[in-house]
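Working notes for the structure below.
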Amino acid sequence: MHDDQGEAPVREVPLAEEDGRNLSSDIYTMMGLKNAKSTEPGPHAALCEGKDPERYYMVRHAWAVHGVPFEDLQQAMERLKKKMPEKSWKIIKYGPDSSPAKTLELIADSTEKKFSVAVHLLDERKKGRESRIAVSLVSTCYEVPAGKTVTER
């Protein structure tokens with residue numbers, strides 16, 4: 001998704017962060033895990049590699065869902081696979097990742113909002129820890145409006 005060839009879209013940092021917050025909220029809702037807990041903090045502006053850090057940024061939002069049985073997490077991944085295309089997400093990959101654990105991975109792009117997401121089902125039962133779904137949401141590179149910097153709000 002991140003084909004940052006050409007011009008970066010101009011976007012105010014708070015508006016792009018709000019898009020990230022809303023997309024994460026939609027993903028959480030699609031999971032359908034009513035009793036799950038989620039981690040904080042919210043989306044934030046981050047560096048775009050190779051670009052002027054005063055003018056260019058991307059939005060990142062890493063979070064996780066936990067506190068429910070592993071089987072519920074598995075069902076949540078299936079729901080994401082089914083529901084995300086209905087919400088303008090294009091599923092790029094769904095299946096085991098390249099790790100030794102062959103963790104279930106879902107990768108999708110929102111071309112409408114210019115975000116990508118990687119979702120991993122982490123089975124920690126053998127380690128005596130709580131299993132979880134880890135979500136990593138990232139936007140394309142944006143440019144701040146003329147006369148502003150990334151750190152100005």
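Distance check, rounded to the nearest 0.5 Å: CD1 of Ile27 to CG of Asn22 gives 11.0 Å. How far SG of Cys141 is from NZ of Lys51: 5.5 Å, rounded to the nearest 0.5 Å. Within the model, atoms NZ of Lys113 and CH2 of Trp89 stand 10.5 Å from one another, a figure rounded to the nearest 0.5 Å. Interatomic distance, Leu23 CG to Ser139 OG, rounded to the nearest 0.5 Å: 10.0 Å.
Between Val117 and Met84 there is a side-chain heavy-atom pair separated by less than 4.5 Å. Looking at heavy atoms from C-beta onward, Leu15 lies out of side-chain contact with Val13 at the 4.5 angstrom threshold. Side-chain contact between Ile133 and Leu122 is absent, with no heavy-atom pair separated by less than 4.5 Å. Two residues are said to be in side-chain contact when any heavy atoms from C-beta on lie closer than 4.5 Å; Pro145 and Val10 meet this criterion. Annotation: side chain of Asp19 is in contact with side chain of Phe115 (closest heavy-atom distance under 4.5 Å).
Ser24 pairs by the side-chain hydrogen bond (donor to acceptor under 3.5 Å, both in side chains) definition with His61, Trp63, not counting sequence neighbours. Here Glu124 pairs with Arg129 under the side-chain hydrogen bond (donor to acceptor under 3.5 Å, both in side chains) rule; sequence neighbours left out. Under the rule for a side chain to side chain contact (heavy atoms under 4.5 Å, CB included), the partners of Pro9 that lie at least two apart in sequence or sit in another chain are Lys114, Thr140, Tyr142. With sequence neighbours excluded, the residues that form a side chain to side chain contact (heavy atoms under 4.5 Å, CB included) with Pro96 are Lys102. Taking the side chain to side chain contact (heavy atoms under 4.5 Å, CB included) definition, one finds that Ala62 meets it with nothing, sequence neighbours left out.
The list of salt bridge (Lys or Arg N to Asp or Glu O under 4.0 Å) pairs with a residue in residues 20-37, not counting sequence neighbours, reads Glu18-Arg21. Counting only residues at least two apart or on different chains, the salt bridge (Lys or Arg N to Asp or Glu O under 4.0 Å) pairs with a member in residues 59-72 are Glu71-Arg125. Applying the salt bridge (Lys or Arg N to Asp or Glu O under 4.0 Å) test to pairs two or more places apart or on separate chains, those with a residue in residues 84-99 are Lys93-Glu105.
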**OP:** Take Leu47 and Tyr57, measure what side chain to side chain contact (heavy atoms under 4.5 Å, CB included) needs, and give me the verdict at the end.
**Re:** CA-CA 5 Å; Leu47 295 175; Tyr57 69 97; over 6 Å; no

**OP:** Check step by step if side chain to side chain contact (heavy atoms under 4.5 Å, CB included) holds for Val150 and Tyr56.
**Re:** CA-CA 7 Å; Val150 171; Tyr56 296 92; 5.9 Å; no

Original post:
Given the rule in the side chain to side chain contact (heavy atoms under 4.5 Å, CB included) test, do His120 and Val135 qualify, once you have shown the distances and angles that lead to the verdict?
Top reply: CA-CA 7 Å; His120 292 92; Val135 179; over 6 Å; no

Listing, residues 73-82 side-chain donor-acceptor contacts under 3.5 Å, not counting sequence neighbours, or none:
{"unit_1": "Glu78", "atom_1": "OE2", "unit_2": "Tyr94", "atom_2": "OH", "d": "3.0"}
{"unit_1": "Arg79", "atom_1": "NE", "unit_2": "Met31", "atom_2": "O", "d": "2.6"}
{"unit_1": "Arg79", "atom_1": "NH2", "unit_2": "Met31", "atom_2": "O", "d": "2.8"}

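Through chains of ILVMFWY side-chain contacts below 4.5 Å, Ile107 is grouped with Ile92.
Remark: the backbone N or O of Ser88 is not paired with any side-chain donor or acceptor of Glu112 at under 3.5 angstrom.
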